[in-house]
Amino acid sequence: MPLRVHDTRRREKVDFTTQSPGRVSMYVCGVTVYDHCHLGHARCYIAFDLIHRWLEASGYDVDYVQNFTDIDDKIILRSIESGEDWRDIVDRNIATYFEDMDALNILRADHYPRCTEYVDSMIHIIDDLVQKEHAYVADDGVYFHVDSAPEKYGQLTGQSIDAVRQGAGGRVNETGGGKRDHKDFALWKQAKPGEPVWPSPWGEGRPGWHIECTAMSLDHFGASFDIHGGGHDLRFPHHEAEIFQSECHTGHAPLAGYWLHNGFVNIDGEKMSKSLGNFWTIRDIVQKVDPFVLRLALVNAHYRSPIDMNEQLLKDAQRNHSRILQVYESALRSAMDGRQHALPTPDIASSDPLAKSLGLLERLVEGFAQAMDDDFNSRDAVAKVLAATKQLQHLMTLGTDDGDKRAIGNYAKEWLEETAGNILGILPSPDLLLAEPEEDPRKAEIADQVEALLVERSDARANKDWPRADAIRDQLSELGVVVTDTAEGPKWELE
RNA sequence: GCACGGAUAGCAAAGCUUGGCCAUGCCGGGGAUUGCAAAUCCUCUUACCUGGGUUCAAAUCCCAGUCCGUGCUCCA
């Protein structure tokens with residue numbers, strides 16, 4: 001069953017093959033570290049984390065590079081505003097980046113290059129582009145001349161040069177600075193007073209935004225690599241600029257075998273932006289929402305579709321997540337005791353309910369793999385896991401003795417760990433799950449009072465005095481206590 | 001304006017490349033269980049934007065149209 005991926009450049013799903021058998025080189029554009037990460041970053045890096053995990057699970061050795069843009073206008077602006085050294089801003093935000101990504105259970109990439117470490121190679125590439133007359137030197141920097149390679153235009157957006165000229169309207173003439181043409185973009189920016197600078201053949205200055213990814217991908221992978229990823233917004237101009245720079249510099253095309261772009265996150269139907277006041281940072285959200293629940297909510301959509309974040313979505317994710325955890329927890333518990341038997345061969349047509357149930361679960365795990373192989377369709381994969389939780393719950397009722405129970409528990413545990421755990425990344429560690437939850441101090445305060453009322457209520461119930469029993473429950477409810485009657489007797493929780 | 005993507009049940013959202021079966025979860029209906037609740041289990045109803053076409057058969061393919069989102073400027 002071949003893996004198929006949607007390539008932005010070809011605009012269709014195609015079979016996935018790598019340049020070097022069994023190995024995948026993957027470059028994903030990282031963050032500009034001028035501030036905390038937001039929900040959109042979470043979506044992007046969870047999407048590529050899933051791709052990373054699935055490729056590894058499929059037997060590929062993945063070399064995953066994700067950069068940090070650690071010098072740019074916004075960082076300089078922050079530094080001027082706050083008086084803090086730009087290097088301190090950058091270091092601090094990189095540290096919080098890793099904290100946020102760890103909280104979301106995102107596995108580390110193999111390399112996290114920073115663009116300021118690559119200024120020399122950027123200068124070398126720019127110099128080469130000037131030599132080859134793909135770039136020109138102006139008063140205020142060096143620019144890439146797009147008309148020097150018109151055949152490369154519009155590869156990711158499908159736009160022709162003429163179309164852009166039309167669409168840009170009045171802006172076409174406002175080339176600004178030393179740019180000869182509206183379409184051209186900066187490779188090197190001459191320093192303004194007070195800005196951080198690096199020496200170059202064109203005077204002191206700093207690199208333009210696009211050139212860093214060219215330098216870093218070239219350094220790690222050479223002229224061509226398998227997957228280039230990033231947010232949907234980066235297709236143009238950033239990724240098209242990379243195509244120009246890299247392919248004109250190396251003479252090798254295409255730069256990347258597959259271009260993957262994740263869809264955006266909206267909040268309550270509106271674009272997330274600071275001006276609308278609906279800007280969610282990852283740190284803020286994980287205060288309110290379990291990071292695993294957030295991860296499930298984001299994974300529960302195809303990575304290319306836009307996703308609308310709202311209360312209902314999180315509520316659904318919360319519910320689904322706790323159902324999965326319930327099953328996982330009971331699997332862990334029954335896997336612990338008793339001696340293990342061999343389970344029957346899974347057979348969907350069998351009259352043995354155990355063999356049949358196992359057969360259905362085998363089918364679901366195959367469905368999970370098919371979903372992930374189909375352009376990393378995590379939405380469908382989640383559906384398979386949810387369908388499996390019911391089946392696993394049913395399976396665990398089928399054990400007739402301890403040996404069965406343990407074998408079934410182990411089977412359920414492995415089923416979930418293979419899919420929800422290792423791939424979707426939404427299972428907490430077993431230790432964490434089985435640990436006794438910390439007692440709420442507010443609970444201890446009223447415990448005696450509640451226990452006394454519960455005893456009274458049990459007496460009332462024993463005497464079939466239902467009005468009295470319900471009155472006590474109402475009384476408890478006023479204390480903020482919810483009572484549920486279970487087979488082991490009444491239990492209570494704070495609301 | 002140009003480009004890219006989308007329109008599926010009350011809601012969210014897969015499936016469309018390779019036409020024929022079935023998404024999935026929530027909500028709602030019915031039932032089991034329960035003194036009643038909660039939880040759990042069983043079960044059911046409700047769909048493929050519109051109009052044409054192709055076909056034994058269309059959510060899926062073709063043609064035309066409508067509506068929506070995003071990009072074209074720093075953005076994951």
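Throughout, a chain's letter reflects where its sequence line sits, starting with A, and its residues are numbered from 1.
If you take atom P in B:C42 and the same atom in B:C11, they sit 26 Å apart, rounded to whole Å. Nucleotides B:U18 and B:C2, compared at atom P, are 30 Å apart to the nearest Å. For the P atoms, the distance linking B:G51 with B:U8 amounts to 16 Å, nearest Å. For B:G53 and B:A14, the P atoms lie 31 Å apart once the distance is rounded to whole Å.
The base of B:C36 is paired with the side chain of A:Asp485 by a donor and an acceptor separated by under 3.5 Å. In the interface, the side chain of A:Asp380 is not paired with the base of B:G15 through any donor and acceptor atom under 3.5 Å apart.
Here A:Gly231 lies in heavy-atom contact (under 4.0 Å) with sugar-phosphate atoms only. Within 4.0 Å of A:Gly263, counting heavy atoms only, lies at least one base atom of the nucleic acid. Residue-level contact check: A:Arg461 touches the bases, meaning some heavy atom is under 4.0 Å from a base atom. Across all strands shown, A:His302 has heavy atoms under 4.0 Å from sugar-phosphate atoms exclusively, and none from any base. Contacts of A:Arg319 with the nucleic acid, taken as non-hydrogen atoms under 4.0 Å apart, involve only primed sugar atoms and P, OP1 or OP2. Residue A:Arg473 is classed as a base contact, given a heavy-atom separation below 4.0 Å to a base.
Classification of the A:Tyr45-A:Tyr97 ring pair by plane angle, with boundaries at 30° and 60°, yields perpendicular.
With distances taken from any side-chain atom of A:His182 to the nucleotides B:A76, B:U73, B:U40, the minimum falls on B:U73. Of the candidates B:A23, B:G5, B:A76, the closest approach to any side-chain atom of A:Ala383 belongs to B:A23.
Residue A:Phe236 and nucleotide B:G71 are not classified as a stacked aromatic pair, given the requirement of ring centres less than 5.5 Å apart at an interplanar angle below 30°.
Taking atom CZ of residue A:Arg379 and atom P of nucleotide B:U8, one finds them 14 Å apart after rounding to whole Å. As a whole-Å value, the separation of A:Asp15 CG from B:U18 P is 12 Å.
Of all non-hydrogen atoms in A:Leu187 and A:Ile211, the two that sit nearest each other are O-CG2, 3.8 Å.
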Base-pair string, RNA chain B, Watson-Crick plus G-U, cut-off 3.5 Å on both distances, | for inter-strand, is (((((((..(((.......[...))).(((((.......)))))....(((((..]....))))))))))))....

